[in-house]
Amino acid sequence: MNKKLRLHGFNNLTKSLSFNIYDICYTETEKERQEYIEYIDELYSADRLTKILTDVVDIIGANVLNIARQDYEPEGASVTILIAEHEVPPTADLMEEAPGPLKDSVVAHLDKSHVTVHTYPESHPHGGISTFRVDIDVSTCGLISPLKALNYLIHSFDSDIVTCDYRVRGFTRDVDGVKHYIDHDINSIQNYLSEDTQNAYQMIDVNVYQENTFHTKMLLKDFVLDNYLFGEGSKSLTAAEREEVEAKVRKEMLEIFYSRNMP
């Protein structure tokens with residue numbers, strides 16, 4: 001599609017990638033809950049998030065115009081980066097339906113675009129579960145898709161559950177004046193994930209092809225209880241306690257994955 005499409009003027013299509021990443025942890029005591037929130041808040045500070053987003057800007061080949069960042073009290077952080085077009089148009093491989101790099105130097109044609117991230121540490125005394133959610137938006141105008149940054153972002157966080165939305169909006173015209181509502185082939189977000197990522201997650205697609213809207217949910221397959229304990233780990237628990245904690249953590253993950261509460 002990309003080789004045959006000759007546009008009149010600038011490519012006016014807007015491609016938006018939005019996704020939520022969740023990290024789950026079992027924190028039995030109030031002290032553990034507070035320590036977990038403080039740990040997450042320090043690990044994903046505004047400075048760290050700025051570094052991650054500037055790497056994303058490099059991957060999609062944009063220029064940074066402005067960075068706004070903020071750490072919040074008592075916890076949480078936000079970063080917004082405005083990005084501008086590059087003078088050199090992208091090569092064909094940047095528009096293919098294939099996994100993007102974890103970190104690379106590429107160029108792209110982008111304008112009026114932005115990258116944002118917001119964090120939401122959360123805990124509740126009932127059940128002993130704490131969660132950390134990251135909301136990320138990568139919006140670009142031009143030829144390439146922000147999906148090229150997907151692998152890098154998933155690997156930048158402890159991703160137990162990932163919910164991705166990708167949509168192409170607007171239209172652009174070719175030299176004959178015909179409107180085009182998408183400029184690249186895509187049938188699933190999964191095709192942009194590396195093989196190791198695909199093997200690590202259970203995934204479900206909900207796509208509306210006629211609306212150029214694509215949705216993928218991802219749930220980590222391997223479950224190691226110690227990865228979800230904050231404190232001394234499973235060695236301090238009895239067999240019955242381990243079973244109970246594992247059931248609570250698994251239920252939390254499934255509820256988030258399916259977006260519904262379970263009995």
Student: Walk me through it: do Y228 and D160 pass the test side chain to side chain donor-acceptor pair (under 3.5 Å)?
Tutor: CA-CA 10 Å; Y228 298 92; D160 294 321; 3.3 Å; yes
Student: Please enumerate all residues that pass ring-ring contact (aromatic ring centres under 6.0 Å, His included) together with Y36, with sequence neighbours excluded.
Tutor: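 So Y36 forms a ring-ring contact (aromatic ring centres under 6.0 Å, His included) with F230.
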Student: Under a 3.5 Å threshold, yes or no: a donor from one side chain and an acceptor from the other, between S78 and Q70?
Tutor: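 Judged by distance alone, the side chains do not pair up.
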Student: Per the side chain to side chain donor-acceptor pair (under 3.5 Å) rule, which among E32, E38, E30 passes with Q34?
Tutor: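 Answer to the side chain to side chain donor-acceptor pair (under 3.5 Å) test with Q34 among E32, E38, E30: E38.
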Student: Answer with yes or no after comparing the ring centroid distance for F257 and Y22 against a 6.0 Å cut-off, counting only values under it.
Tutor: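 Ring centroids of F257 and Y22 are no less than 6.0 Å from each other.
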Student: Apply ring-ring contact (aromatic ring centres under 6.0 Å, His included) to Y201 and list each qualifying residue two or more places apart in sequence or on a separate chain.
Tutor: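 So Y201 forms no ring-ring contact (aromatic ring centres under 6.0 Å, His included) with any residue.
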Student: Can you name the closest pair of heavy atoms from D71 and A46 and give their distance?
Tutor: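 For D71 and A46, the tightest heavy-atom pair comes out as OD1-N, 3.0 Å.
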Student: If you look at every heavy atom in Y192 and N151, which pair is closest and at what distance?
Tutor: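 The pair with the smallest heavy-atom distance is O-ND2, 2.8 Å.
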Student: Between R69 and D47, does any side-chain N to carboxylate O distance fall below 4.0 Å?
Tutor: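 D47 and R69: salt-bridged.
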Student: Taking atom types as modelled, is there a side-chain donor on D137 or H114 under 3.5 Å from an acceptor on the other?
Tutor: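 No pair is found: no donor N or O on one side chain lies under 3.5 Å from an acceptor on the other.
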Student: Write down the atom of P121, the atom of I40, and the distance for their closest heavy-atom approach.
Tutor: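 Reported closest heavy-atom pair: CG-CG2, 4.3 Å.
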Student: Taking 4.0 angstrom as the limit, do D135 and R133 come out as a salt bridge?
Tutor: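 Here D135 pairs with R133 in a salt bridge, since their nearest N and O are under 4.0 Å apart.
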Student: Go through S130 and T27 one step at a time and tell me if the side chain to side chain donor-acceptor pair (under 3.5 Å) criterion holds.
Tutor: CA-CA 6 Å; S130 294; T27 50; 2.8 Å; yes
Student: Are more than 12 heavy atoms, taken from residues, nucleotides or ligands other than N199, located less than 6.0 Å from that residue's CG atom?
Tutor: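 Enclosed.
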Student: Identify whether the distance between the nearest side-chain nitrogen and carboxylate oxygen of K248 and E252 falls below 4.0 Å.
Tutor: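 Salt bridge: no.
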Student: Can you tell me how far CD of E28 sits from OH of Y26, rounded to the nearest 0.5 angstrom?
Tutor: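 These two atoms lie 4.0 Å from each other.
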Student: Looking at E122 and I37, what are the two nearest heavy atoms and their distance?
Tutor: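 Looks like N-CD1, 3.7 Å.
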Student: Is a salt bridge present between D226 and R242, judged by a nitrogen-to-oxygen distance below 4.0 Å?
Tutor: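 Salt bridge between D226 and R242, a charged N being under 4.0 Å from a carboxylate O: no.
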Student: Mind checking whether F132 and Y44 have parallel, tilted or perpendicular rings, split at 30° and 60°?
Tutor: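 Taking Y44 first and then F132, their aromatic rings lie parallel (interplane angle under 30°).
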Student: What residues, two or more places apart in sequence or in another chain, satisfy side-chain contact (heavy atoms from CB on, under 4.5 Å) together with D205?
Tutor: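 By the side-chain contact (heavy atoms from CB on, under 4.5 Å) rule, D205 matches S188, Q190, N207, T216.
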Student: Do T116 and V79 come within less than 4.5 Å of each other through their side chains, counting heavy atoms only?
Tutor: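 T116 vs V79: side chains apart.
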